[in-house]
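Each remark here refers to the structure printed beneath this line.
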Number of protein chains: 2
Amino acid sequence: MGITKSNLFTEEQNIIANLAKAIGHPARVAIIQHLIKANACINGDFVQELGLAQATVSQHLRELKDLGIIQGSIEGSRVSYCINKARWKEIQDLFTGLFDGVDTKGCC
Amino acid sequence: MGITKSNLFTEEQNIIANLAKAIGHPARVAIIQHLIKANACINGDFVQELGLAQATVSQHLRELKDLGIIQGSIEGSRVSYCINKARWKEIQDLFTGLFDGVDTKGCC
DNA sequence: ATACTATATTGCAATATTACGATATAAATG
DNA sequence: CATTTATATCGTAATATTGCAATATAGTAT
């Protein structure tokens, strides 16, 4: 086995899980945090920033891009990345929904 | 390779990533959501609920327990699980911190 | 055109995750 | 005590992820 049985779960559960998995690597957390700080959305210096090989960084960027979390726009020979704000808000709402369930209910 | 280079990142980045990874499986999202709904914190029927083998469910529960997200208390031959609310709040704050960075800054 | 720079993709090795049957452990019941 | 019930752990197969060197692709500059 080793394959996640996505069909057993709701679409929302799969979506949340996939987004969480994308955030589930420190390099990708670092990329996101760096993009938040640097309004300037650079690329390339991620390799400097992270200390990972160029190919590895490129791979992490692709994963974030595939989920729509970041966007890349070509600028000459460089690619400028930034956070997709609308999408980020969407994701925040999904997680907020998950977090907010717990509260006044008495248990344990 | 295949081993995450945790030493390259800040402790916060590693912590967030590990928590996100825990949420990064639909079965574990389902477990959390079910625990939120059922104030009653049952166990066992997770196997029914999820449609996964008993051993698999037990493994997912352990991962959540290892990160402190859920707690299990022995009740006779059963184990009653529930969300660790204090911890959950902590985790929520961590994620909120990550999410809230993005906003008014102009970029892209 | 040629060399240089920046990024993406491919291929592969190391490691991690998912899933489950089988087995252990422990309480509950006959 | 033997059996049943509930959960955890072990061992293992299938698959996924991480990371990088090598290579491809594409723009820049000389």
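The figures that follow rest on heavy atoms only: side chains count, while hydrogens, waters and symmetry mates do not. Below, read A as the first sequence line, B as the second, and so on, with proteins coming before strands; counting in each chain starts at 1. Computed from a prediction, not measured in an experiment: that's the story for all the values here.
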- Touch class at under 4.0 angstrom, heavy-atom based, for A:I74 against every strand present: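 No contact at all - A:I74 keeps every heavy atom at 4.0 Å or more from the nucleic acid.
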Let me know the distance between [atom1] of [X] and [atom2] of [N], rounded to the nearest Å.
X: B:L50; N: C:dA19; atom1: CG; atom2: P; result: 10 Å
X: B:Q48; N: D:dT5; atom1: CD; atom2: P; result: 14 Å
X: B:I42; N: D:dT7; atom1: CD1; atom2: P; result: 11 Å
X: A:E75; N: D:dA26; atom1: CD; atom2: P; result: 18 Å

- Task: Could you check B:R28, B:Q33, B:H25 and say which one makes a side chain to side chain donor-acceptor pair (under 3.5 Å) with A:Q13?
- Result: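 Considering B:R28, B:Q33, B:H25, a side chain to side chain donor-acceptor pair (under 3.5 Å) with A:Q13 is found only for B:Q33.
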Tell me, do [X] and [Y] make a side-chain contact under 4.5 Å, heavy atoms counted?
X: A:K5; Y: B:L50; value: no
X: B:N84; Y: B:I70; value: no
X: B:Y81; Y: B:K65; value: yes
X: B:L35; Y: B:F46; value: yes

- Message: Rounded to the nearest 0.5 Å, what separates atom CD in B:E63 from atom CD1 in B:I69?
- Response: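 B:E63 CD to B:I69 CD1: 9.5 Å, rounded to 0.5 Å.
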- Euclidean distance, A:N43 CG relative to A:E49 CD, rounded to 0.5 Å: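 Reported to 0.5 Å precision, the distance equals 11.5 Å.
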- SB check B:R78 B:E75 (cutoff 4.0 Å):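 Salt bridge between B:R78 and B:E75, a charged N being under 4.0 Å from a carboxylate O: no.
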- Query: What residues in residues 7-26 of chain B put a non-hydrogen atom under 4.0 Å from any atom of DNA chain C?
  - Reply: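 Heavy-atom cutoff 4.0 Å gives B:K21, B:H25.
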- Item | Contact under 4.0 Å: B:H60 side-chain N or O vs C:dT17 OP1/OP2 |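 Answer is no, no contact under 4.0 Å.
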- Sugar-phosphate means primed atoms, P, OP1 and OP2; the rest is base. With that split, encode nucleotides 6-12 of chain C 5' to 3' as B, S or - using protein heavy atoms under 4.0 Å. SBBB---
